[in-house]
Amino acid sequence: MTDPKLEELKQRLAESQDLAKAATLLFWDQRVMMPSGGAEARAEASATVSRLAQERFVADDVGRLLEDLRGLEESSDYDSFEASLIRVTRRDYEKATRVPPELVGEMSRASTLALAAWGPAKAESNFEALRPHLEKNLELRHRYVECFDPPDETYDILLDNFEPNMKTAEVREIFDELKENLVPLIKEIAEAGEVDDSFLHGKFDEDDQRTFSLDVVERFGYAEDEWRLDQTAHPFMCTPGHRDIRLTTNFSPDDLSSLFGTMHEFGHGVYEWGVDESFARTPLHSGVSLGLHESQSRTWENLVGRSRSFWRFFYPRLQETFPAQLGSVDEEAFYRAVNKVQPSLIRIDADEVTYNLHIILRFELEQDLIDGRIAVADLPEAWNTRMHEYLAVEVPDDAHGVLQDMHWAGGGFGYFPTYALGNVISVQIWERAKEDLGDLDERFEQGEFGELRDWLREHLYRLGRKFTPQETIERVTGSPIDAKPYVRYLREKLAPQAV
Amino acid sequence: MTVASESPLLERLKAVLAENADLYHAQQILDWDARVSMPHAGAEARADVASTVTQLAHGRFVSDEVGKLLDDLDAEGHDADSVEGALIRITRREWERAARIPSELAGEMVQVSGVAVAAWDKAKAASNFESFSPHVERQLELKRRYVACFPETEEPYDVLLDEYEEGLTTAQVEKIFGRLKGELVELVDRHRGDSVEEIAGPYPVRRQQEAGRLVLEAFGYDPESWRLDETPHPFAAKPGVGDIRLTTHTNESDLTSLFSTMHEFGHGVYEFDIDPSFARTPLGRGTSSAIHESQSRTWENLVGRSRGFWQWFYPQLQGLLPDALGGVDEGSFVRSVSAVRPGLIRGDADEVTYGLHIILRFELERELLAGTVAVGDLPEVWNARMKESLGVDVPDDARGVLQDTHWAAGLFGYFPTYQLGNVISVQIWDRAREQLGDLEEQFARGEFSPLREWLSEQIYRHGSRYRPQELLRRVTGSDIDPEPYVKYLHAKFA
């Protein structure tokens, strides 16, 4: 028999989850569907729904239920659903009760308005239009940080929202190791001479791109009755409900970059899709952290989608779709082009190596902002200086610089580092999958991706949020987070003598 | 409305109402998305989410705090004719209705509807009534529980009607429909032998969509604030100020989508033009379903099937659809889109037969609720009555009892407002013509803004400030009256 208190807790959690899903849909709709005139009303509605979700969750009776369930938690196996649900909910609860619902609502409203301002600001390359919104977001983050016990570093509190339990100092250590290895690698690659990728720029019909992208993700596991793929300016994935997975991508008529974006978002989607169904409407029913999430988006985008064997299967099809552009380009030249390493301005278009430096730059600037070492007004200049320092590129305008990402407008300070952590983790998991599954390349060359997906589902996805991110990594790979496999992978794949 | 002198009680009430409006906004998006964009498999989870949001909104609104606020505001003595007075009155009405209903029932109704609409979709596609009938049973059971929350109302159907049309009774509807039924049957009979030529398509979907856009833009559609999407069963929604969503369903074989687009525009423009200062209060939406429907029918029929409109638009439509329409002159085209043709589908019905589709549903709903017709017998009864009133044979349930989404969505009591909307539309229209002169001439020049502005001034901007009957009296000087509509039909179709 199930414990009636547990049933009561599940009922309360189902309600909070439902409200969170409603908020997710409001967000998706705003980005994909909503006419721009609706932004103000949407900001209010989103704020109210987020606030109520929070209020319902932090209610005293949830706290009492968690207390009453301590006994059940202690007498149940650590790995059991019951113990995990109570443990994870308690952690969420203790964190959430620190933050007044008014502040949650205010953060939501401010970021909705800031996101609405970010679009036009980016389009017009007008940082000044976004500045007050960023200042407001930062001010709210300070109020948020004050809700918690003084941390080692202020940034720890923000990071914890995206990568629970991880400390800024740990990230710094991993990033230092990356920097130390990648800066020389970038230099070696540059010295070896430029790879020709001119054929990737031209005219690519957007409907044809969509058809091809769907063919790819359908082979990965996308199915029409549970998934969507839409066009949006800045792609993301979200799940406004169980068995309702929404990917977005940005088809550009001038290049094929959206294909990699689509595979990336598929990785996020398939992680959510693969979580144990019996966790639905509980806080366990999602990916465990953004780092782990990103490890999966990068797996499907890079480890799969930029591999030789993937293109062995798909390249003839792509040539068939775009004969005028690619008919005379051979597979090897194409493979080299989509793996070209070259410092550039835009994070989401960056190659596998330089990508990490884009992240490290943001990680450092976020800390400078939150610790008050630089003012929001000085952000463009600081950005441009560091882009020059790390990647030796000149930023022509803020649209190609500090305004390129929506994260800060959305209030997502502490989010960026998880992208590079995801890269690191992806290769740790990948090596383990290859140990178990043997030669994946052979299967990819046949257009078969099911075994990899099923392995990932079995070992990672189905766990949802049952364990902490650190426990999850340990369980899947047998070791803690470690940058070495990733550095080794990059060297083997992309160092001049390898290509 | 002067902010400085505003009562703190009123401020508090507005804060409560704003929260409620925000949750309603979320409900609208949950519903719109379920019908336009959600992958099929998401239906079950969506029903849970929608139910939770509804239950929460309901629970917070019916709190004692709101009851106390309303009592205290009554004691403050706000002028009943002022905006504040209207806000207090309408909030009290809604609060008193809502407070009768347990939050669990409110949530359950939404949950069941979510699942039933998904089941209806499948049942309709497969023309399989049996798979759908348990959902109708369930909806009826919920409706009976709902009606039982209002024990003082003698006629159960009155409770359902009042939800959509404040103060309207079954007896009034019976009287109006009784008057219309005889006239409609006679008109249908008179046209039974008509040989108006049907214009064969095909009409390419993209071209039709383009035509729809041209018309909407001339009417006043603005992409900054409006959307138009495809969905199997068209509707309009306004999640919030500045966000109007129309839907349509375009078939290659006919031009019905053009008319349904104009229909939904009527709903949309009513909502769009409401005084923005009413936002996030119950004043910020149309005052009743029948008044709403009067506006959708105005733009669809009184404008969209008028000679003046087609003088302006037909050459453009011919340009877009040269293969189908190149050889058809304007007169034949207008005759064809205004022809009286008894058919199977309410949504495609002409102005005359439409009323008979509604009367059939009105009668069946009352019988279902009373239990005098069993759900299991619905297809048979439906088909017999279609034969009797319109003389058509229903070939399958998809084109019979399964054609509408309303019963799946739990919207019992809604259908009559469609026909009342027709009646009201002509009452308002007569008035507009008195004041604006020859509208047809303006339409022929592609000018629709004088009409829109007049309607906006007279009706739209007021939102729910006036009760439906009160609004109608203010605009037309009369109560709801079927005679102008009968006269209009005679003039056009006799």
Side-chain angles (χ1 to χ4, degrees), chain A residues 11-30 32-53 55-56 105 108-109 222-230 239-247 273 277 280-281 285, chain B residues 15 18-34 36-57 59-60 107 110-111 114 221-229 237-246 272 276 279-280 284:
Chain A
Q11 185 49 45
R12 289 304 302 268
L13 295 175
E15 197 187 311
S16 303
Q17 289 295 308
D18 284 347
L19 292 172
K21 292 296 183 192
T24 301
L25 182 67
L26 291 175
F27 173 79
W28 177 85
D29 181 83
Q30 175 170 15
V32 177
M33 295 288 185
M34 188 188 76
S36 57
E40 228 171 293
R42 177 58 50 84
E44 298 291 355
S46 294
T48 296
V49 174
S50 309
R51 175 175 58 78
L52 289 175
E55 257 179 38
R56 300 295 292 160
S108 158
R109 190 180 311 106
Y222 174 109
E224 209 175 40
D225 67 333
E226 295 185 328
W227 300 65
R228 281 186 67 92
L229 175 64
D230 292 277
T239 52
H242 177 42
R243 304 184 69 198
D244 183 355
I245 314 284
R246 305 191 180 195
L247 314 181
W273 172 86
E277 286 203 281
R281 298 180 88 204
H285 197 243
Chain B
E19 179 188 280
N20 212 258
D22 289 343
L23 290 172
Y24 184 66
H25 179 137
Q27 286 168 288
Q28 293 259 300
I29 291 295
L30 290 164
D31 179 61
W32 179 86
D33 179 79
V36 174
S37 32
M38 185 183 72
H40 290 300
E44 226 170 293
R46 176 58 52 81
D48 286 333
V49 173
S51 163
T52 294
V53 172
T54 302
Q55 205 168 321
L56 180 69
R60 293 177 79 82
V110 170
Q111 206 274 343
Y221 173 103
D222 167 11
E224 282 279 298
S225 293
W226 300 61
R227 288 187 59 92
L228 173 64
D229 294 274
K238 180 183 73 170
V241 165
D243 185 357
I244 303 290
R245 304 187 180 199
L246 315 181
F272 185 75
R280 299 175 85 212

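Every chain is numbered from 1, with letters handed out A, B, ... down the list of sequences.
When heavy atoms are compared at a cutoff of 4.5 Å, Ala279(B) does not approach chain A at all. Heavy atoms of Gln17(A) lying under 4.5 Å from chain B are absent altogether. When heavy atoms are compared at a cutoff of 4.5 Å, Glu55(A) approaches chain B solely by way of its side chain, counted from C-beta outward. Heavy-atom distances place both the backbone and the side chain of Asp48(B) under 4.5 Å from chain A.
Scanning both residues, Gly42(B) and Asp244(A), for their nearest heavy atoms gives CA-CB, 4.1 Å. Across Glu19(B) and Arg51(A), no two heavy atoms sit closer than the pair OE1-NH2, 3.0 Å. Taking every heavy atom of both residues into account, Pro35(A) and Glu224(B) meet most closely at CB-O, 3.4 Å. Across all their heavy atoms, Ala22(A) and Val53(B) have their closest contact at CB-CG2, 4.0 Å. Of all the heavy atoms in Gly240(B) and Ala41(A), the pair that sits closest is CA-CB, 3.9 Å.
Annotation: maximal heavy-atom pairing with chain A below 4.5 Å, among Ser37(B), Ser225(B), Ala45(B), occurs at Ser37(B). Listed options Gln55(B), Arg245(B), Lys238(B), His40(B) were ranked by heavy-atom pairs under 4.5 angstrom with chain A; first place goes to Arg245(B). For the set Arg246(A), Arg56(A), His242(A), Lys21(A), the entry with the most heavy-atom pairs within less than 4.5 Å of chain B is Arg246(A). Per-residue counts of heavy-atom pairs under 4.5 Å with chain A were compared for Asp229(B), Thr52(B), Asp222(B); the largest is that of Thr52(B). Options Gln27(B), Met38(B), Glu44(B) differ in how many heavy-atom pairs under 4.5 Å they form with chain A, and the most are formed by Met38(B).
Residues Leu52(A) and Arg60(B) form a side-chain contact, since some pair of their non-hydrogen atoms from C-beta on lies under 4.5 Å apart. Using a 4.5 Å heavy-atom threshold, the side chains of Asp18(A) and Leu56(B) count as separate.
For the atom pair Asp22(B) CG and Arg42(A) CZ, the distance stands at 10.5 Å (nearest 0.5 Å). Going from atom CG of Leu19(A) over to atom CG of Leu23(B) covers 8.0 Å, rounded to the nearest 0.5 Å.
For Gln28(B), the CD atom is densely surrounded, since the number of other residues' heavy atoms within 6.0 Å is greater than 12. Counting heavy atoms of neighbouring residues, nucleotides and ligands inside a 6.0 Å radius, atom OH of Tyr24(B) does not exceed 12 of them.
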- Task: Quick one: do Glu44(A) and His25(B) satisfy side chain to side chain contact (heavy atoms under 4.5 Å, CB included)? Show the steps, please.
- Result: CA-CA 10 Å; Glu44(A) 298 291 355; His25(B) 179 137; over 6 Å; no
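In this structure, Arg46(B) contributes its side chain and Gly241(A) its backbone to no donor-acceptor pair below 3.5 Å.
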